[in-house]
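Have a look at the structure below, then the notes.
Whatever order the structure lists them in is the order used to number ligands and atoms, beginning at 1.
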Amino acid sequence: MSGGPGEPASWIGLSAATTVVGVIGHPVAHSLSPLLHNAAFEALGIDWVSVGFPVLPGALAPALAGMRALGVRGLSVTMPHKEGAWRLVDRRTAVADRLEAVNCVTNEAGTLTGTSTDGAGLLDALATRLSFDPAGKRCLVVGGGGAGRAVVAALRDAGAVEIVVVNRTPSGAARAVALAGGIGRRGVPADADHADLVVNATPIGMAGTTTGEAPPLIDADRLHPGQAVVDLVYHPRPTAWLKAAGARGAATMDGLAMLVHQAAHQLVLWTGQEPSLEAMWRALDRAEPR
Ligand code: NAP
């Protein structure tokens, strides 16, 4: 058994027969995806391994050609390659085309299919961690980037009755609002007063980055009991904003739950088996104790 993060995955008899998956991005060394994947493989008892592949901007096409040539079964895709992967895969799911982004590539005999599991991961996380069903709810999404758009599309599909997008730039807001169909509009911070769900989908609050130090677009003083408040950022866990929301009485969830559930969807696509969420959470708790 592995003793912890960073140690060799000694439960896997790595060999010429081992199936390889991984995560591509730049930088990628910080990614928690291999930790989650390998915990799931161990629990399933299968001879698979997940690793990080640092892929520089501009090197995505040869990286995907390498995936085909080497028979890498699946790749999780992170910054800055989500939109490029959408352009370069052989087949795309409907959700990938709506978002014009791919966070998961599956290799079937050399044919690469791209999809996005972020939205499904968020909905599963809301259900399991907060018992929150977006159907009939008023939602406010802060951020109109790739994550914000995935959240807006998922909330719309899940039956939200209103989706307000608060974003720094009008163009980013408009792109996200377009995914909400007739129930979306660009909003202002005061709209948070009446929202059932507030989601931060910006990097504001993330430790170790200058963007992380920017002031939140929604002041935590606006948040209150009866609301569900989600921060997609999970470093730190919780962010100061999420902690303040909890102190104001809101039900809160950090970004790690979405990360776990979106990874679970990817693992099903690659292995055809349901991964153990418990094993994945245990691995995270060993790596990132609260
Ligand atoms: P992205 O495409 O680069 O979008 C960034 C968003 O943040 C944009 O809406 C941008 O607004 C806004 N923003 C950036 N800096 C800002 C600032 N200083 N002030 C105000 N707004 C600012 O990034 P992304 O892929 O959407 O990711 C957003 C966050 O979600 C990241 O922290 C990422 O790690 C996290 N995430 C978490 C998960 C998970 O599973 N938990 C999944 C995906 C993403 P403009 O449009 O005005 O530039």
Does ligand 1 come near enough to Gly172 that some N or O of the ligand is less than 3.5 Å from an N or O of the residue?
no

May I ask you to identify the nearest protein heavy atom to atom 15 (N) of ligand 1, giving residue, atom name and distance to one decimal place in Å?
Thr211 CG2, 3.2 Å

By ring-ring contact (aromatic ring centres under 6.0 Å, His included), which residues pair with His37, not counting sequence neighbours?
Trp270

Which protein non-hydrogen atom lies closest to atom 26 (O) of ligand 1, naming both residue and atom, and how far is it?
Ala147 N, 2.7 Å

So, Glu100 and Arg175, do they make that salt bridge, N to O below 4.0 Å?
yes

If hydrogens are left out, which of Glu83, Met206, Lys82, Arg149 has an atom nearest to atom 32 (O) of ligand 1, that is, the closest non-hydrogen atom?
Met206

Under 4.0 Å, heavy atoms only, figure out whether ligand 1 is touched by the backbone of Pro203, its side chain, both or neither.
both

Residue part near ligand 1, for Ala201, under 4.0 Å between non-hydrogen atoms
backbone

Tell me the contacting part of Ile204 for ligand 1: side chain, backbone, both, or neither, using a 4.0 Å heavy-atom threshold, strictly below.
side chain

Atom 16 (C) of ligand 1 [closest protein heavy-atom partner, distance rounded to 0.1 Å]:
Arg168 NH1, 3.4 Å

Apart from Met206 itself, residues in the same hydrophobic cluster as defined by side-chain heavy atoms under 4.5 Å:
Val233

Between Leu259 and ligand 1, which part of the residue brings a heavy atom under 4.0 Å of the ligand: side chain, backbone, both or neither?
both

